[in-house]
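Small disclaimer: the values here were computed from a predicted structure and weren't measured. What's counted below: heavy atoms across the whole structure, side chains too, no hydrogens, waters or symmetry copies.
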Amino acid sequence: MTHLKRREAIKQLFCITAGVALIPSCMSDRSKSAILLKNIKISPQEETMLAAVCETILPKTATPGAKELSSHLFVLTMVDECRKKEDQQQFIRGMKAFQDKCQADKGKDFTSSTPEDKKAILTSIIAEKDDSSDLKYFFKTVKGLTIQSY
């Protein structure tokens, strides 16, 4: 009889622990990114856009793509924790410039673009001559860290 009570107590303890662990995720602020960032702030829309950029760089084939591997979270973590403040600010400015370019070139955001349009946008950034622009810095950083995360 004691054996059953012990099992039931362990089962209930497990259920309570699981519930306590899930509560914070249910109450999370949807205006913030999926991971805790200390130095940079991005919106969920920017995070989704970044995931789409990473997936365009390394798409799913017979192997998982960058989005499945959450490469965008690796990119954000590396920029947030390993880059100087000036580089972090340039990254954020570049992200904004990237969004503006998508609107100007295609009339919509990157995540709403077709796969062909996404490739065209990235190809046009690669072709730009100004290597010191915020836009180029953003793309080179995302590309390098996406490949590194893979």
Side chains of [X] and [Y], heavy atoms from C-beta outward: is any pair under 4.5 Å?
{"X": "Ile92", "Y": "Ile42", "result": "yes"}
{"X": "Lys101", "Y": "Ser124", "result": "yes"}
{"X": "Leu145", "Y": "Arg83", "result": "yes"}
{"X": "Thr48", "Y": "Phe110", "result": "no"}
{"X": "Glu47", "Y": "Leu73", "result": "yes"}
{"X": "Thr146", "Y": "Val75", "result": "yes"}

Any salt bridge (Lys or Arg N to Asp or Glu O under 4.0 Å) pairs touching residues 109-127, not counting sequence neighbours?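 Residue pairs passing salt bridge (Lys or Arg N to Asp or Glu O under 4.0 Å), neighbours aside: Lys106-Asp117.
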What's the spacing between [X] [atom1] and [Y] [atom2] if we round to 0.5 Å?
{"X": "Gln90", "Y": "Lys84", "atom1": "CD", "atom2": "NZ", "answer": "10.0 Å"}
{"X": "Ile121", "Y": "Thr56", "atom1": "CD1", "atom2": "OG1", "answer": "9.0 Å"}
{"X": "Glu46", "Y": "Lys41", "atom1": "CD", "atom2": "NZ", "answer": "12.5 Å"}
{"X": "Ser71", "Y": "Ile57", "atom1": "OG", "atom2": "CD1", "answer": "9.0 Å"}
{"X": "Ser112", "Y": "Met49", "atom1": "OG", "atom2": "CE", "answer": "12.0 Å"}
{"X": "Ser43", "Y": "Leu50", "atom1": "OG", "atom2": "CG", "answer": "10.5 Å"}

Return yes if some donor-acceptor pair links the side-chain N/O of [X] with the main-chain N/O of [Y] below 3.5 Å, else return no.
{"X": "Gln88", "Y": "Ile40", "value": "no"}
{"X": "Lys67", "Y": "Cys54", "value": "no"}
{"X": "Lys108", "Y": "Gln103", "value": "no"}
{"X": "Lys60", "Y": "Glu68", "value": "no"}

Please find the pair of heavy atoms, one from Gly65 and one from Tyr150, that lie closest to each other, and give the distance.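 Residues Gly65 and Tyr150, closest heavy atoms: C-CE1, 4.3 Å.
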Which heavy atom of Glu128 sits nearest to which heavy atom of Ser133, and what is that distance? OE1-OG, 4.1 Å
Reference residue Phe98; test ring-ring contact (aromatic ring centres under 6.0 Å, His included); the match among Phe138, Tyr137, Phe91: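 Running ring-ring contact (aromatic ring centres under 6.0 Å, His included) over Phe138, Tyr137, Phe91 with Phe98 returns exactly one hit, Phe138.
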Could you list the residues that satisfy salt bridge (charged side-chain N to carboxylate O under 4.0 Å, His left out) with Lys96, not counting sequence neighbours? Asp100
